[in-house]
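Values below: every heavy atom of this structure, side chains too, minus hydrogens, waters and symmetry copies.
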Amino acid sequence: MSETKRKLGNSKQTGFSETSEGPDSKKRKSPVTAKGAASKKKQHSSPGEGESPESKKPASKAKNKKAGQLVDPNTGNEVKASATVESKPDAKPTSSKQVEAERTDDQAGASTSSAKAEPTSEQDQPVEINRAPVLTLWVAVVAQRQGFSEEAGLTFGKAISGMLAHSKGRSIGVFDKKDKDDGAKQEREEEEHKQGVAKHDVFGMSIKAKDVGNDGDVRALDTSMQAIQHKQVEGYLKRAFKDRLQDAKAALKTLADSYKPEDIGKHCYHLYEQFRPTIASGQKGWGQKGQLNLAQIKGLAEQH
């Protein structure tokens, strides 16, 4: 009996209890042993070799984004910068009709100058011609605006276009430059005075002309100091412009009439530089034809 109590006491100390002896007997594990088993089970489900506990955790989506990008903290998706900008409370939405109206106004303003240069009728179609007859006709129209007769204007046109043509020819080497002779110039001026030659302000220049009647009408002089015949100038313009002479004259008159008679002389040559036919520079362009844009001429009158 005492032996049995001793065995029971030993079993309590070791944490085991025995039910019976023999080959079929089984031992019950103590709480300490159960904890050990649980520890083994936990170790069995631990990460495999070479893995760290952090590698099993899902990587933060925010870390996968590039620096400087905005990320939604709830979904981890990238948020465009434009989506984060809030409209001002006082900003009023612009309707599609307003946008279209503003776009139409901008396009109309940008194309106004070019639209004026486009032919709007058969009379505004460009004329293929060289510069000399264009300048002759323009001077004639300006002279009439300044108060001279149509016949006088034609002779002034021929005289001035010839003077400028020779000046241009000398500058590009077409004509030889004249030698200045002050003595010969003085003698010529004295002879001109005897013949009733006087200078007149035409086209911003001082042009010599002589009286041809009691009504005060005058005619410009050619290089030989003879009065230019206006009929010859008229025939010259008809041959150059052909059936477009009246169209060109009407356009030039519209431009001249947009200026006061006392002001046209200050602007006439600058205006000519804007609408004259475009040709090659230098000797290549001498006598070359270009296009005279009648719509552009009328556009210059409207701009003024």
Ring centroid separation for F203 and F156, is it under 6.0 angstrom?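 For F203 and F156, the ring centres are not under 6.0 Å apart.
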Spacing of CD belonging to E191 relative to CD belonging to Q186, to within rounding of 0.5 Å: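 If I round to the nearest 0.5 Å, the distance is 13.5 Å.
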**Message:** So, taking the atom named CG in D124 and the one named CG in D247, what distance separates them when rounded to the nearest 0.5 Å?
**Reply:**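 One gets 8.0 Å once the value is rounded to the nearest 0.5 Å.
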Is the side chain of [X] donor-acceptor paired with the backbone N or O of [Y] at a distance under 3.5 Å, no angle test?
{"X": "T155", "Y": "A220", "value": "yes"}
{"X": "W138", "Y": "C268", "value": "yes"}
{"X": "R131", "Y": "G287", "value": "no"}

Which class fits the ring pair F275 and Y272: parallel under 30°, tilted 30 to 60°, perpendicular over 60°?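 Rings of F275 and Y272: perpendicular, over 60°.
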Query raised in the report: Is the shortest side-chain N to carboxylate O distance from R219 to D217 below 4.0 Å?
Result: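 Salt bridge: yes.
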### Query
Between R145 and E262, is there a side-chain N and carboxylate O pair less than 4.0 Å apart?
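No salt bridge links R145 with E262.
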Practice prompt. Dump the intermediate steps for salt bridge (charged side-chain N to carboxylate O under 4.0 Å, His left out) on E150 and K249, then the final yes or no.
Written response: CA-CA 12 Å; E150 181 179 1; K249 183 185 292 186; 3.7 Å; yes
Give me the one residue out of N130, L135, L137 that meets side-chain contact (heavy atoms from CB on, under 4.5 Å) with P133.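 The single option meeting the side-chain contact (heavy atoms from CB on, under 4.5 Å) with P133 is N130.
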Given side chains that start at C-beta, do those of Q146 and V202 come closer than 4.5 Å, heavy atoms only?
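They are in contact (side-chain heavy atoms under 4.5 Å apart), so the answer is yes.
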For the residue pair P126 and L294, establish whether any side-chain heavy-atom pair is separated by less than 4.5 Å.
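SC-SC contact between P126 and L294 ruled out.
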